[in-house]
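A short worksheet on the structure shown next.
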2 protein chains.
Amino acid sequence: MAVTLKEVAERAGVSRSAVSRTYTDGASVSPKTRKKVEKAAKELGYSPNALASSLTTGRTKLIGLISNNFHNPLFLEVFDLFTRRLQEKGLRPLLVNLTDETDPKNSLRMLKQYSVDGVIVASSTLLPEFAKAFHDAKIPVVHSFGRFASAPDVHVVGVDNVECGRMAARTLLARGYKHIGFLGGPKGATSTIDRRAGFMEVIGQAKGIKVKVSNAAAYSFEAGRVAMLKELKASPAEAYFCGDDVMSIGALSAIDSAGLAAPDDIGIIGLNDMEMAKWENINLTTIRQPIKQIVDSSVELVMAALEDSNRHPEARLFSCQVIERGTLRPL
Amino acid sequence: MAVTLKEVAERAGVSRSAVSRTYTDGASVSPKTRKKVEKAAKELGYSPNALASSLTTGRTKLIGLISNNFHNPLFLEVFDLFTRRLQEKGLRPLLVNLTDETDPKNSLRMLKQYSVDGVIVASSTLLPEFAKAFHDAKIPVVHSFGRFASAPDVHVVGVDNVECGRMAARTLLARGYKHIGFLGGPKGATSTIDRRAGFMEVIGQAKGIKVKVSNAAAYSFEAGRVAMLKELKASPAEAYFCGDDVMSIGALSAIDSAGLAAPDDIGIIGLNDMEMAKWENINLTTIRQPIKQIVDSSVELVMAALEDSNRHPEARLFSCQVIERGTLRPL
DNA sequence: ATTCAGATTGCAACCGGTTGCAAAAATTGT
DNA sequence: ACAATTTTTGCAACCGGTTGCAATCTGAAT
């Protein structure tokens with residue numbers, strides 16, 4: 001079917017090794033034979049079979065890109081960035097959708113079958129067991145958007161969610177809100193737990209502030225809307241820190257439905273700064289996660305882990321930044 | 001590194017062939033040896049190397065999933081559906097991002113290197129040259145969301161955009177709009193060209209209707225907003241058929257910025273029915289593309305093409321449906 | 001012209017599997 | 001118990017590459 005190395009070798013009148021060497025850099029080939037080979041290859045339309053070579057080299061250049069976030073628009077941006085960056089580095093993403101997967105075993109088997117060189121787990125909600133399972137199978141893995149730990153099991157790159165919580169609280173306090181709300185994502189999500197801790201820490205140090213805490217069922221529009229609708233029934237706070245941007249938009253929609261408006265009646269600050277947040281009809285004040293940096297750093301880290309597979313697990317944290325838009329009262 | 005077939009064979013006290021056969025269905029193995037092999041495999045944690053086997057079988061079960069739509073939220077849904085469906089069928093998506101690729105050669109080389117069994121091009125804006133290039137290289141390819149042609153070069157599955165245009169026009173006429181607008185996507189996009197043709201056909205048959213046509217620079221929020229802002233300056237139509245949902249949302253935002261509202265001042269009908277369209281604060285009347293069916297059918301078709309690689313190119317078209325929401329005046 | 005180091009080349013074995021073929025084993029019928 | 005079938009098994013070659021090694025070639029130095 002496809003053109004093979006052997007055919008090229010015959011046509012060029014050289015050995016198979018010679019052909020192989022022209023396509024492995026660092027190998028010793030004279031300019032003369034290289035010319036011959038390249039000529040023959042071009043005529044035949046040859047391109048080396050990466051999978052076959054992986055057999056001997058032990059490297060497929062395949063990276064498992066694993067996620068269960070296929071409903072948060074932020075992740076479209078994340079996939080865009082990951083695929084481009086991996087391509088730039090000569091790696092190929094094998095996309096794995098873990099949406100309704102509960103058993104790490106299955107995904108592990110799948111990844112082993114395709115002998116991926118490494119794995120990037122891109123999710124803030126995926127159970128750490130998954131990343132752990134890959135790690136235990138000696139597959140280099142980095143957990144992007146994962147939870148920070150000072151002594152992590154696996155490489156982690158993301159943001160310091162505790163600090164994000166503090167940042168949100170400070171932002172709300174600075175604007176003079178006295179009654180503020182923490183509207184988190186799903187209760188069990190580590191991101192929510194951490195943000196809440198930071199949030200409460202700062203609030204606790206302030207005086208005369210009333211807080212209320214609640215959780216949405218998911219990081220989604222609908223869950224955000226439902227949660228805010230519920231808030232509005234029982235004396236709502238003046239401003240809320242919402243679990244993420246898409247939840248925030250749900251909350252804004254609830255506010256609007258109730259005949260109220262942000263920031264005049266209720267303030268909202270989100271988290272992520274996804275593309276949509278800056279749409280004029282949304283114009284959401286939010287905390288930006290530097291996703292480009294997280295992605296680039298994840299790729300860099302997985303490559304480093306490829307080189308040295310018992311590299312010590314590392315946590316890389318990036319700082320976030322408040323993006324002022326129109327859903328919080330001005331300073 | 002990884003456990004190989006040979007080790008399992010030794011441990012189980014059988015030949016390598018026996019092990020191989022236990023994992024290829026349809027092969028002849030006695031229950032007894034199968035037991036032994038499975039035991040040894042379990043103890044060793046063996047899983048067969050799909051890439052190595054692809055060498056002899058000629059099938060990698062890798063499917064190139066190619067797109068340049070990483071900014072339209074609809075495509076997150078599309079990727080979700082594709083990855084799940086492919087996984088269900090035992091295929092693995094190798095994701096390729098063509099965002100800034102102009103030369104089909106590069107992508108072709110990349111796909112050949114990884115000897116994908118087939119390719120799914122998921123994009124309505126990608127140049128047909130790409131799909132064509134893969135097809136010429138004898139790689140089974142289906143173009144999802146591609147342009148219908150009665151004698152297509154490659155397998156196509158999508159919707160009949162001409163009919164969508166007609167449907168939009170009929171919907172607007174039925175609501176009594178007399179001055180209507182076609183606000184298309186980028187001028188060169190075949191989807192826009194086709195929809196416009198259908199739209200104008202129906203309008204042409206109606207009496208006393210005024211039409212105006214314009215194009216946005218891209219299928220994006222910003223382009224939709226800019227285009228509508230421009231419309232609003234010079235006597236706008238009463239209602240518009242917008243290139244797609246995300247453009248529609250941009251247009252709605254422009255309408256809102258101008259102090260107007262839909263549907264009271266200006267009506268909008270979109271196309272796609274992406275998840276966001278039903279968000280309460282958007283509530284967009286739109287034409288639904290049955291993306292689940294398109295995806296499932298694409299996967300089915302690519303699998304069929306794998307079986308019979310000179311299967312005659314086929315176009316599969318699905319019908320769309322108007323989804324009534326709140327951006328068009330009621331009937 | 002000779003020597004020698006360094007560069008280039010081909011041979012052959014190997015990577016982790018699959019598969020056609022013939023031999024061996026199990027099953028069937030009588 | 002024996003022959004005829006059918007099933008199971010292992011051997012060995014092969015898939016498309018890579019790579020250690022020894023042989024050959026090259027050019028510079030003597």
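Lettering follows sequence order; numbering is per chain, from 1.
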Self-check item: Residues E43(B), K39(B): salt bridge by 4.0 Å N-O rule
Solution: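 Yes, this pair counts.
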
Self-check item: Check ion pair E7(B)-R11(B) (N to O, under 4.0 angstrom)
Solution: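 Judged by the 4.0 Å cut-off on N to carboxylate O distance, E7(B) and R11(B) do not form a salt bridge.
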
Exercise. Decide yes or no, distance alone: a donor-acceptor N/O pair under 3.5 angstrom between the base of dG17(C) and the side-chain of R16(B).
Key: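 In this structure, the two groups form a donor-acceptor pair.
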
Practice problem: Mark yes or no for a side-chain to base donor-acceptor pair under 3.5 Å between R21(B) and dG17(C), with no hydrogen or angle criteria applied. | Solution: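 Side chain to base: no pair present.
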
Just the rounded figure in Å: distance from [atom2] of [N] to [atom1] of [X].
X      : N       : atom1 : atom2 : answer
L5(A)  : dT18(D) : CG    : P     : 7 Å
Y23(B) : dT19(C) : OH    : C1'   : 18 Å
R59(B) : dG17(C) : CZ    : C1'   : 17 Å
K61(A) : dG17(D) : NZ    : P     : 15 Å
K6(B)  : dT18(C) : NZ    : C1'   : 17 Å

Exercise. Give the C-alpha distance, both sets of side-chain angles, the deciding distance and a yes or no for side-chain contact (heavy atoms from CB on, under 4.5 Å) between F130(A) and N68(A).
Key: CA-CA 11 Å; F130(A) 281 83; N68(A) 63 348; over 6 Å; no

Quiz item: Hey, does S17(A) reach any base, or is it just sugar-phosphate, or nothing, if we go heavy atoms under 4.0 Å?
Solution: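 Base contact.
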
Quiz item: NA contact type, S20(A), heavy-atom cut-off 4.0 Å: base, sugar-phosphate, or nothing?
Solution: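 The residue S20(A) makes base contact.
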
Quiz item: Does D103(A) have any salt bridge (Lys or Arg N to Asp or Glu O under 4.0 Å) partners at least two apart in sequence or in another chain, and if so, which?
Solution: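 Not a single residue meets the salt bridge (Lys or Arg N to Asp or Glu O under 4.0 Å) criterion with D103(A).
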
Quiz prompt | Residues in contact with DNA chain C, drawn from residues 50-57 of chain B - heavy-atom cutoff 4.0 Å | solution =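 Residues of residues 50-57 of chain B that come under 4.0 Å of DNA chain C are, in numerical order, A52(B), S53(B), L55(B), T56(B), T57(B).
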
Quiz prompt | DNA chain C contacts among residues 25-49 of chain A, heavy-atom distance under 4.0 Å | solution =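 Residues of residues 25-49 of chain A under 4.0 Å from DNA chain C: S28(A), V29(A), S30(A), T33(A).
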
Quiz item: Does K36(B) NZ have over 12 foreign heavy atoms under 6.0 Å away?
Solution: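 Yes.
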
Quiz item: Do you see a donor-acceptor pair shorter than 3.5 Å between the side chains of S191(B) and N161(B)?
Solution: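 The answer is no; no qualifying pair exists.
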
Quiz item: Do E101(A) and N106(A) have side-chain N/O donor and acceptor atoms under 3.5 Å apart?
Solution: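 There is such a pair (donor and acceptor under 3.5 Å, judged by atom type) between the side chains of E101(A) and N106(A).
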
Quiz prompt | L91(B) CG to R85(B) CZ distance, which is reported to the nearest 0.5 Å | solution =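 The distance works out to 11.0 Å.
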
Practice problem: To the nearest 0.5 Å, tell me how far D296(B) CG sits from F82(B) CZ. | Solution: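 Taking CG in D296(B) and CZ in F82(B), the distance rounds to 9.0 Å.
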
